[in-house]
Peer 1: 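Okay, handing you the structure first.
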Amino acid sequence: MCGIAGIISHTYQIDPKRIMAMSESIKHRGPDGKWEWYQDDLRVGLAYRRLAIMDKEAFNQNPFIWQNKYVVLFNGEIYNHQELRKQLEPKGFRFQTKSDVEVIPPLYQLYGTSMAEHMEGMFAIAIWDIENKTLFAVRDRFGEKPFYYALDKNEFVFASEMKSIIAGGLTKEWNGSMLFDYLVYNVVEDAQDAHKTFYNKIFRLPPAHWLLLKDGAIREGEYWTLNNAVTYGGKLEDAVKTFSGLFDYSVASMLKADKTIGFSVSGGLDSSAVYTQALKYWQNDALPNTFTVRVHENKFDEGPYVNTLLNHYSANHHEVWVNEDLILQKLPQILYHQEEPISDLTVLAQWMLMEKVSEKKVNVLLDGQGADETLAGYNYFYEVLLKQLGAQSWRKMIMANRAFFEKQGKYYPIRMRMAGDIYFPGILNQLGRLKRRYLSPVYFSFLNRDFLHTYKHNDTPFPVFNDVNQLLHYRTARYGLHKLLRYADRNSMAHGIEVRFPFLNHKLVEFIFTLPLEFKLHDGWTKFILRMMMDKQLPSSITWRINKLGYHVPSDKWLEHPRVKEMIRESKRKMAQSGIVRFNDRAHPRDLAIFISSHFL
């Protein structure tokens, strides 16, 4: 796990001070080593910061230059690199270390832009071809590892984080359209164009994409797509066995490291499943380190569930308690590392978890992220299920809602809008567009008139879904999972920690998307196949748990703290002076978004 950066100039020599500044800005990503490399004519400068997880001595002091042909910058882990070595050795390739980075150049030489199809893992890779003067970059399938770039007529600049590009000399400039959508709708990414960031002129390489830079022009492609066609025709018990085998393989592959491994356990099903399966392959005599976040409000506290898990399976457990002091003391630092706005304050709790992990000298953390997006773990998937069934028969919808009531103790509210979505899909969005254009709804009232006039015609960023599989695909491949992975990457790398996500092995996810819907949402239960897999391995209070918390925090209460309220008031003044909002002392539902946005202006 590392930080990478570079400049490819089309017209002039690069000042090495720019490369050093870019490297310095991301030093937190690689505390174990650094280097810079320059082509003889100073038209290419590359920087690398290393966090050594596998084969700690390999390539620590020098750039990985393969046969004087490729210069390789690598951020991430390739979990199947040992299998790839066995495939590459009969083709004549030889390896000097145990490091996964060594398989990258042979794969690129053999397969070119499709090289990542052969890799399992999380990665952002840049390869400079010295002879052909081309830069190839590729990103993992789900976007676990970041890659940002800026391009103009003079140069191509890239880095693991946007702050590095800005340190290289790019002027920071807000994207007003993205800011508008965040302030109004609380969206932090553009689901229609994954290249966009909150800064003009800085773009992200989308997940599962590659780019090739040659002579100042970019060519881009997608090497993997997630197919959401249901093709599995077997029985549930057989699907559980296959699911279990794929999940076990994923967990085992992520337990390989030369440094200390720990586990994030929230008390929920997903993280508990990761920890339980990992114990099957645990080879260290010492108990695994586990970490959780605690809050003093019982409504949000996961402690009792974590205790249930650890009464069942032992661990060397660590807790971190959080409160509103996070906002007062940590928020500026957290937002500096996040680089873009955040949608809620759970990101702050995750930051404190990483701080505790770092304090305990744990370098790799396994986490349950990804199961909710692929297995329909959120209750709002039930709303779409009800609409999907309602289009077939109102009786089916009512029966499904009754099953939801039996598990959740409440009916899912069936609103008139649901009927509109079922029988007139898209009409309500069209009406909303007209309303925003001619009437300026009340939820726009906090915005500056000129700012509002500029962006009020933006389409709403929320598509309407009447099919659960389409929504699952959207949340996994378009919007939802990506922002959570960004939060995790920045929070963990700020502390020199590598986070791994067993639920995001692409073969496991591909299998999940072949399954019929009733294997995911069944008789009022979410993530049904996962619950079935863990039924006899975890206490039933976790396996068949109804309420879902994660690392949620009492945001509303925290925002009522007098000092926090004063900070919000000052941020409103700042945003008003910038011509974005209207200053008003009264509380507003978007106060948190205004407060967070002000840190980036």
Side-chain angles (χ1 to χ4, degrees), residues 142 191 225-247 268-270 273 368 370-408 410-415 417-419 421-423 425 462-481 503-535 543-546 548:
F142 299 105
T225 56
L226 181 58
N227 189 340
N228 66 341
V230 175
T231 58
Y232 186 83
K235 297 179 180 179
L236 173 62
E237 52 265 36
D238 295 327
V240 171
K241 291 178 182 178
T242 302
F243 181 94
S244 180
L246 289 167
F247 185 60
L269 174 62
D270 309 339
D372 288 322
E373 289 73 21
T374 59
L375 290 167
Y378 301 112
N379 279 342
Y380 59 69
F381 284 105
Y382 251 93
E383 177 177 345
V384 180
L385 175 65
L386 295 177
K387 291 193 292 183
Q388 186 172 337
L389 294 175
Q392 304 169 20
S393 160
W394 279 85
R395 181 179 179 277
K396 289 183 178 180
M397 181 173 72
I398 292 170
M399 294 297 291
N401 207 6
R402 183 176 297 170
F404 183 85
F405 171 79
E406 290 173 355
K407 303 302 182 298
Q408 304 288 335
K410 59 183 179 181
Y411 287 104
Y412 204 99
I414 299 177
R415 303 180 179 91
R417 181 184 176 99
M418 292 174 64
D421 287 342
I422 292 171
Y423 296 110
F462 304 116
V464 174
F465 291 97
N466 292 338
D467 180 280
V468 176
N469 278 337
Q470 290 180 4
L471 177 57
L472 284 166
H473 189 274
Y474 177 83
R475 297 295 294 186
T476 302
R478 296 282 296 279
Y479 185 87
L481 180 60
F503 281 105
L504 293 183
N505 175 281
H506 75 277
K507 293 179 180 178
L508 174 63
V509 174
E510 287 172 343
F511 175 70
I512 289 171
F513 273 82
T514 68
L515 298 175
L517 184 56
E518 57 267 25
F519 288 9
K520 304 165 193 173
L521 296 176
H522 181 85
D523 198 25
W525 294 109
T526 61
K527 296 185 287 196
F528 188 66
I529 190 171
L530 178 59
R531 296 179 193 272
M532 291 295 291
M533 183 185 81
M534 301 306 299
D535 186 38
T543 304
W544 301 101
R545 179 179 170 183
I546 295 171
K548 180 175 180 57

Peer 1: Less than 4.5 Å apart, side chain to side chain, heavy atoms only: is that true for Phe519 and Phe243?
Peer 2: no

Peer 1: Nearest heavy-atom pair of Phe503 and Gly368: which atoms, and what distance?
Peer 2: CD1-O, 3.5 Å

Peer 1: With a 4.5 Å cut-off on side-chain heavy atoms, are Met532 and Val240 touching?
Peer 2: yes

Peer 1: Roughly how far, to the nearest 0.5 Å, is the CE atom of Met533 from the CG atom of Leu269?
Peer 2: 8.0 Å

Peer 1: Kindly list each side-chain donor-acceptor pair under 3.5 angstrom involving residues 524-531, sequence neighbours excluded, with atom names and distances?
Peer 2:
| residue | atom | partner | partner atom | Å |
| --- | --- | --- | --- | --- |
| Thr526 | OG1 | Arg531 | NH2 | 3.0 |
| Lys527 | NZ | Asp270 | OD1 | 2.8 |
| Lys527 | NZ | Asp270 | OD2 | 3.1 |
| Lys527 | NZ | Asp372 | OD1 | 2.8 |
| Arg531 | NE | Thr526 | O | 2.6 |
| Arg531 | NH1 | Thr543 | O | 2.8 |
| Arg531 | NH1 | Arg545 | O | 3.1 |

Peer 1: Which value, rounded to the nearest 0.5 Å, describes the distance between Leu515 atom CG and Asn228 atom CG?
Peer 2: 12.5 Å

Peer 1: How close do Leu472 and Ala376 get, counting heavy atoms only, and between which atoms?
Peer 2: CD2-N, 3.4 Å

Peer 1: For Phe142 and Val509, run side chain to side chain contact (heavy atoms under 4.5 Å, CB included): C-alpha distance rounded to whole Å, both residues' side-chain angles, the deciding distance at 0.1 Å, then the answer.
Peer 2: CA-CA 10 Å; Phe142 299 105; Val509 174; 3.7 Å; yes

Peer 1: Distance from Leu386 atom CG to Tyr382 atom OH, nearest 0.5 Å?
Peer 2: 8.0 Å

Peer 1: Asn227: which residues meet the side chain to side chain contact (heavy atoms under 4.5 Å, CB included) condition with it, sequence neighbours left out?
Peer 2: Ala229

Peer 1: Do side-chain atoms of Glu373 reach the backbone of Gly480 as a donor and acceptor pair under 3.5 angstrom?
Peer 2: no

Peer 1: Please find the pair of heavy atoms, one from Val384 and one from Asn466, that lie closest to each other, and give the distance.
Peer 2: CG1-C, 3.8 Å

Peer 1: Answer yes or no: is there a side-chain heavy-atom contact under 4.5 Å between Gln388 and Leu517?
Peer 2: yes

Peer 1: Rounded to the nearest 0.5 Å, what separates atom CG in Leu246 from atom CD in Glu510?
Peer 2: 10.0 Å

Peer 1: Between Lys520 and Ile512, is any pair of side-chain heavy atoms under 4.5 Å apart?
Peer 2: yes

Peer 1: Of the non-hydrogen atoms in Phe513 and Leu226, which two are nearest, and what is the gap between them?
Peer 2: CE1-CD2, 3.5 Å

Peer 1: Tell me the closest heavy-atom pair linking Tyr380 and Arg475, and the distance in Å.
Peer 2: OH-NE, 2.9 Å

Peer 1: Hey, could you give me the OG1/CD distance between Thr242 and Glu237, rounded to the nearest 0.5 Å?
Peer 2: 11.0 Å

Peer 1: Can you name the side chain to side chain contact (heavy atoms under 4.5 Å, CB included) partners of Thr225, sequence neighbours left out?
Peer 2: Glu222

Peer 1: Compare all side-chain heavy atoms of Thr514 with those of Val230 and state whether any distance is below 4.5 angstrom.
Peer 2: no

Peer 1: Phe465: which residues meet the ring pair (Phe, Tyr, Trp, His ring centres under 6.0 Å) condition with it, sequence neighbours left out?
Peer 2: Tyr474

Peer 1: Could you pull out all residues at least two apart from Asp535 that satisfy salt bridge (Lys or Arg N to Asp or Glu O under 4.0 Å)?
Peer 2: none

Peer 1: Not counting sequence neighbours, which residues clear side-chain hydrogen bond (donor to acceptor under 3.5 Å, both in side chains) with Gln392? List them please.
Peer 2: Lys396

Peer 1: Locate the shortest heavy-atom distance separating Ala403 from Asp523; write the atom from each residue and the value.
Peer 2: CB-OD1, 3.5 Å

Peer 1: Given side chains that start at C-beta, do those of Lys387 and Val464 come closer than 4.5 Å, heavy atoms only?
Peer 2: yes

